[in-house]
Amino acid sequence: MSIVNPGFFGRRRGPSDRIPPGQYATEEFPVLSAGPTPNIHLDRWAFTITTEAGVEHTWSWDELQALPHETPTVDIHCVTTWSKLDTSWEGVSLDVLLEDVETAADYALVHSYGGYTTNLPLDDLLEGQAWVVFGYEGGPLAPEHGGPARLLVPHLYFWKSAKWVRGIQLLLQDEPGFWETLGYHEYGDPWREQRYAGD
Ligand SMILES: Nc1nc2c(c(=O)[nH]1)N[C@H]1C(S)=C(S)[C@@H](COP(=O)(O)O)O[C@H]1N2
Ligand SMILES: [Mo]
């Protein structure tokens with residue numbers, strides 16, 4: 001045990017400042033899936049961004065891998081009250097994927113293999129806030145955690161981080177996804193405890 005708490009000298013945020021209200025930190029990595037884990041072959045895997053005009057931008061697995069990779073280390077917060085600090089991932093930033101997409105949309109509806117959906121404002125996918133990730137803690141992302149690839153949007157509750165992601169539909173009007181239709185908050189900011197509709 002050290003005599004001086006590492007938080008003593010600086011204003012660096014200590015672990016307890018990183019836990020949003022109503023959450024607890026865990027070392028575990030629980031699996032939360034609303035259905036079975038889909039089995040997706042990499043040679044048939046594709047990721048498609050569809051604009052409000054119906055224009056499709058599609059990446060094969062190899063095309064995705066050829067894009068610049070980032071390795072974000074982030075805290076994740078599940079609405080069932082667990083948070084996990086300093087998770088490390090490898091993937092491609094949505095800034096890169098959206099770079100050449102012409103759109104006037106303000107909303108995104110994320111689609112997964114298996115049928116799961118979740119919605120969020122398009123702005124929340126930009127400026128280094130979201131990735132399509134395929135690596136976790138130095139290895140490939142496990143199927144139960146969304147492999148081959150999932151969305152990672154750590155600043156929102158983890159249900160927005162769609163596992164087995166297959167595409168993003170850009171929309172002029174917001175459309176609720178799976179949990180949002182069932183009464184969860186349309187935005188889901190853990191720091192404002194936006195768990196359920198109306199919070
Ligand atoms: N396709 C899909 N993505 C999903 C889910 C799901 O059921 N299906 N569950 C969401 C919820 S509620 C959470 S908390 C996280 C859980 O991710 P994990 O199983 O890797 O912990 O995935 C989110 N993404
Ligand atoms: Mo969740």
Side-chain angles (χ1 to χ4, degrees), residues 18-42 44-50 61 64 71-92 94 97 107-121 124-125 129-169 175-197 199:
R18 289 163 56 187
I19 307 296
Q23 298 288 113
Y24 71 95
T26 181
E27 299 289 318
E28 318 268 284
F29 194 178
V31 172
L32 283 114
S33 304
T37 295
N39 183 10
I40 308 144
H41 291 270
L42 292 187
R44 273 182 272 128
W45 183 93
F47 177 77
T48 301
I49 296 177
T50 309
W61 185 259
L64 183 81
T71 52
T73 295
V74 296
D75 303 340
I76 55 179
H77 311 289
C78 173
V79 74
T80 62
T81 74
W82 59 266
S83 289
K84 190 169 168 59
L85 302 182
D86 292 323
T87 59
S88 67
W89 306 82
E90 179 172 1
V92 172
L94 260 296
L97 295 164
Y107 301 99
L109 185 61
V110 185
H111 294 263
S112 292
Y113 290 96
Y116 184 86
T117 55
T118 188
N119 62 308
L120 66 172
D124 287 78
L125 292 175
Q129 299 188 92
W131 298 265
V132 171
V133 293
F134 36 75
Y136 177 73
E137 303 291 349
L141 180 61
E144 63 270 27
H145 287 299
R150 77 183 295 163
L151 191 68
L152 176 66
V153 196
H155 71 288
L156 300 176
Y157 280 125
F158 207 35
W159 87 77
K160 301 285 182 179
S161 294
K163 304 199 279 188
W164 316 298
V165 70
R166 75 179 300 165
I168 295 176
Q169 188 184 354
E175 261 183 48
F178 178 78
W179 286 117
E180 295 84 5
T181 304
L182 293 172
Y184 283 82
H185 198 277
E186 79 271 14
Y187 186 63
D189 179 351
W191 294 97
R192 288 185 278 168
E193 249 195 301
Q194 294 173 336
R195 297 176 192 274
Y196 307 106
D199 281 352

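When a ligand or atom number is given, it counts from 1 through the structure's own listing order. None of these values were measured; they are calculated from a predicted model.
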- If you measure from each non-hydrogen atom of Tyr157 to ligand 1, which part falls under 4.0 Å: side chain, backbone, both or neither? neither

- Query: What protein heavy atom is closest to atom 22 (O) of ligand 1, reported as residue, atom name and distance in Å?
  - Reply: Arg150 NH2, 3.1 Å

- Query: Can you tell which part of Phe178 has a heavy atom less than 4.0 Å from ligand 1: side chain, backbone, both or neither?
  - Reply: neither

- Item | Atoms in ligand 1 flagged as close to Ala162, the criterion being non-hydrogen separation under 4.0 Å | 3 (N), 24 (N)

- Proximity to ligand 1 by part of Tyr116, non-hydrogen separation under 4.0 Å: side chain

- Applying a 4.0 Å heavy-atom criterion (strictly less than), which segment of Ala34 is in contact with ligand 1: side chain, backbone, both, or neither? both

- Query: Between the side chain of Thr117 and the main-chain N/O of His111, is any donor-acceptor distance below 3.5 Å?
  - Reply: no

- Report the distance from atom NE2 of His155 to atom NZ of Lys160, rounding to the nearest 0.5 Å. 10.0 Å

- Could you tell me the separation between the CG atom of Asp124 and the OH atom of Tyr187, rounded to the nearest 0.5 Å? 3.5 Å

- Message: Rounded to the nearest 0.5 Å, what separates atom CG in Leu85 from atom CG in Asp75?
- Response: 4.5 Å

- Task: Would you mind running through ligand 1 and noting each atom that sits below 4.0 Å from a heavy atom of Trp164?
- Result: 1 (N), 2 (C), 8 (N)

- Identity and distance of the protein heavy atom lying nearest atom 23 (C) of ligand 1: Phe158 O, 3.4 Å

- Message: Between Gln194 and Asp189 (side chain of the first, backbone of the second, donor and acceptor by atom type, cut-off under 3.5 Å), is there such a pair?
- Response: yes

- If you look at every heavy atom in Gly22 and Glu193, which pair is closest and at what distance? CA-OE2, 4.0 Å

- Can you find an N/O atom of Tyr113 closer than 3.5 Å to an N/O atom of ligand 1? no

- Task: Answer with side chain, backbone, both or neither: which part of Trp159 has a heavy atom less than 4.0 angstrom from an atom of ligand 1?
- Result: both

- Task: For atom 9 (N) of ligand 1, find the nearest protein heavy atom and state the residue, atom name and distance (0.1 Å precision).
- Result: Leu32 O, 3.2 Å

- Query: Relative to the heavy atoms of Cys78, which atoms of ligand 1 are at a distance of less than 4.0 Å?
  - Reply: 14 (S)

- Under 3.5 Å side-chain donor-acceptor pair for His77 and Ser83: yes

- Message: List ligand 1 atoms under 4.0 Å from Ser161, heavy atoms only on the residue side.
- Response: 22 (O), 23 (C), 24 (N)

- Message: Within the structure provided, determine whether Pro72 and Trp89 are in side-chain contact (heavy-atom separation under 4.5 Å).
- Response: yes

- Message: Could you check whether any heavy atom of Ser33 sits closer than 4.0 Å to an atom of ligand 1, since that is the contact criterion I want to use?
- Response: yes

- Task: Give the ring-plane orientation class for Phe29 versus Tyr136, where under 30° counts as parallel, over 60° as perpendicular and anything between as tilted.
- Result: tilted

- Task: Identify, by atom number and element, the atoms of ligand 1 in contact range of Ser112, meaning under 4.0 Å from any of its heavy atoms.
- Result: 1 (N)

- Note on the structure: Taking only non-hydrogen atoms of Pro30 and a 4.0 Å limit, the atoms of ligand 1 in range are 18 (P), 19 (O), 21 (O)

- CZ (Phe158) and CG (Leu151) are apart, to the nearest 0.5 Å, by 9.5 Å

- Message: Give the atom numbers and elements of ligand 1 that come within less than 4.0 Å of a heavy atom of Trp179.
- Response: 12 (S)

- Query: So is Trp82 polar-close to ligand 1, meaning N/O to N/O under 3.5 Å?
  - Reply: no

- Polar contact flag, side-chain donor to acceptor under 3.5 angstrom, Glu137-Thr87: no

- Query: Nearest heavy atom to atom 4 (C) of ligand 1: which of Arg166, Lys163, His77 does it belong to?
  - Reply: Lys163

- Message: Between ligand 1 and His145, is the shortest N or O to N or O distance under 3.5 Å?
- Response: yes

- Note on the structure: ring-ring contact (aromatic ring centres under 6.0 Å, His included) with Tyr184: of Tyr157, Tyr196, Phe178, only one passes, and it is Tyr196

- Task: Please check if any side-chain donor atom of Glu90 sits under 3.5 Å from a side-chain acceptor atom of Thr71, or the reverse.
- Result: no

- Mind checking whether Lys160 has a heavy atom under 4.0 Å from ligand 1? no

- Message: I'd like to check whether Val31 has a polar contact with ligand 1, where a contact means an N/O of the residue lying under 3.5 Å from an N/O of the ligand.
- Response: no

